[in-house]
Engineer: 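Here it is: the structure, laid out below.
Just follow the structure's listing: the first ligand is 1, and inside any ligand the first atom is 1.
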Amino acid sequence: MDVSALQKVRYAYKPKLPACLSQDIDTISIEFGVPTESVADQQDLKALFKNSYGKPLAMCVSGKNDKIHKELKVGVILSGGQAPGGHNVIAGLFDGLRKGNAASKLYGFLGGPSGLINNKVVELTDEIIDMYRNTGGFDIIGSGRTKIETPEQFAASYETVEKLGLNAVVVVGGDDSNTNAALLAEYFTEKGSSAQVIGCPKTIDGDLKNEYIETSFGHDTACKTYSELIGNIERDANSAKKYWHFIKLMGRAASHIALECALQTQPNVCFISEEVEAKKISLNQVVEQICQSVIKRAEKGDNFGVVLIPEGLVEFIPEMKTLIGELNDIIADNKEEFAEKSSFIDQLYWLEPRLSVASCKFLNTLPPEIAKELLVDRDPHGNVQVSRIETEKLLMDMVERRLAKLKKEGVYKGKFSALGHFFGYEGRCAFPSNFDADYCYSLGFCAFVLIAFGLTGYLSSVRNLVKPAVEWIVGGVPLTMMMNMEQRHGAKKPVIKKALVKLNDRPFLTFAENRDNWAVTTSFLFPGSIQYFGPPEVCDQTTKTLILEKT
Ligand code: FBP
């Protein structure tokens with residue numbers, strides 16, 4: 001297989017490990033804390049997770065153990081959207097297993113959770129693993145978004161595990177996939193099986209986090225990749241001085257990516273969906289905010305700029321949120337009937353009497369392309385596919401129309417020419433930064449330790465991440481501890497609570513302190529590309545968000 005020069009060199013990179021994982025394997029032990037509670041809805045969750053609710057926190061420490069050398073068979077699933085570092089989770093898990101016992105085996109389920117349901121599996125050997133060390137992507141075994149939901153799917157997953165004689169399954173995924181991991185752990189125990197389930201926190205969106213999960217893997221690399229691109233565009237804008245660039249950034253719900261990229265690149269405008277929701281900022285007010293920056297900059301002769309838009313924004317604008325909520329419930333309750341409506345017009349006629357008057361009116365004010373995008377299929381977890389809604393185009397169009405009106409009124413005298421971009425898939429499979437390469441390898445290795453100690457229903461946790469890797473703290477967090485009950489597909493379901501941007505934390509406050517200045521001046525920052533070789537302050541830094549949160 002042909003590989004690039006960088007890939008060849010990255011194969012040789014040795015991920016930095018926390019002290020507790022790099023010590024002699026015989027002296028790794030686990031210490032348990034006190035029983036835990038879920039973040040909300042304790043009674044409901046206790047009833048649903050009879051066997052796995054309330055387990056204690058687990059921490060890797062030095063001590064004697066007699067469990068680490070057991071011969072194990074483990075299966076791994078990559079679930080949901082790609083995130084840089086997934087291959088290193090698998091490499092860390094594989095190396096841990098082999099260190100424990102050379103006869104242990106790792107199987108990769110192909111194409112995400114459906115691989116477990118349908119017993120589509122490959123044994124991961126040294127040769128395979130070595131071809132993917134420190135590389136981006138999930139192509140080693142592929143990923144998928146199938147949700148293990150029906151009794152038949154749970155039974156089929158169980159059957160696969162029994163057939164393969166697996167001791168454990170590792171689910172590498174975001175909040176939805178790890179919710180599935182919690183349900184599987186409970187199901188296996190309920191069935192009397194000793195098969196364990198361990199999760200690993202993945203998602204570029206950065207919204208699977210809490211006190212024990214400081215960040216999800218892949219977020220660091222994705223933000224650095226987008227920030228490089230945004231910085232390049234800013235420099236182009238500042239050179240040509242003729243375009244306003246509207247850049248939509250991935251992040252299905254939370255705006256962690258947009259916030260981190262804003263801190264890295266200092267654009268003229270950036271929206272944080274959580275603030276839009278908290279302050280009930282309407283679509284017209286969003287447009288007005290952009291227009292004010294355009295007008296003020298035009299007064300100084302600067303007819304160019306950069307606007308960052310989190311892809312989840314549409315779901316946080318109050319009138320959109322209500323509309324999307326109604327659409328989700330109506331479509332979920334009438335799946336078959338809705339699927340029969342083959343044209344957009346038919347869908348609209350059918351929806352009109354079912355929507356509230358306000359939502360119906362709002363839907364009709366949207367450009368038809370955007371309205372159409374709101375009606376496309378939900379993902380298997382019931383989410384609107386916001387990556388397919390062209391919010392940047394909607395805003396460009398509305399700003400242009402508003403400025404034309406203001407020009408007629410003599411309020412605006414500049415020139416406005418806008419270009420739209422969407423940065424999402426560009427960042428999900430980049431070569432992991434050193435941080436993600438190290439973090440992911442540790443997460444995988446830690447998953448092995450949790451399995452060796454017989455734990456199930458835990459998420460692998462590595463924290464203290466702003467410190468050098470040697471000082472990282474490693475352990476397991478009970479999955480039920482992160483859960484609450486939420487409305488999904490028209491019914492209340494147990495889910496891991498998404499971590500949204502906190503408006504009173506330092507990352508947002510730092511952005512808020514500076515944004516009025518950035519809106520008018522040209523304060524762009526050009527972070528450049530991820531560096532893999534060189535001084536630690538250039539190569540090993542984590543996100544600005546994490547540094548602001550933890551120091
Ligand atoms: P995960 O939460 O599964 O990690 O995926 C996140 C994400 O990258 C979002 O940012 C984006 O909206 C979505 O995936 C796109 O999904 P798809 O890959 O199915 O188009």
Engineer: Identify the two heavy atoms, one from P527 and one from Q264, that lie closest to each other, and give their separation to 0.1 Å.
Structural biologist: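 Scanning both residues, the minimum pair turns out to be CG-O, 3.8 Å.
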
Engineer: Would you say T146 and L116 make side-chain contact, with heavy atoms under 4.5 Å?
Structural biologist: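 No, side chains not in contact.
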
Engineer: Salt bridge check, K492 against D44: does any charged N sit closer than 4.0 Å to a carboxylate O?
Structural biologist: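 No, D44 and K492 are not salt-bridged.
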
Engineer: Can you work out which protein residues put a heavy atom within less than 4.0 Å of ligand 1?
Structural biologist: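 Under the 4.0 Å cut-off, ligand 1 touches G80, G81, R145, K202, T203, I204, D205, M250, G251, R252, E311, S387, Y425, R428.
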
Engineer: Counting C-beta onward and ignoring hydrogens, is there a side-chain heavy-atom pair between I317 and I281 closer than 4.5 Å?
Structural biologist: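 No; the side chains remain at least 4.5 Å from each other.
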
Engineer: Salt bridge or not between R133 and D95? Use side-chain N to carboxylate O under 4.0 Å.
Structural biologist: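 A salt bridge is present here (some side-chain N lies under 4.0 Å from a carboxylate O).
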
Engineer: Enter the distance from N134:CG to R10:CZ here, rounded to the nearest 0.5 Å.
Structural biologist: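 N134 atom CG to R10 atom CZ measures 5.5 Å (nearest 0.5 Å).
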
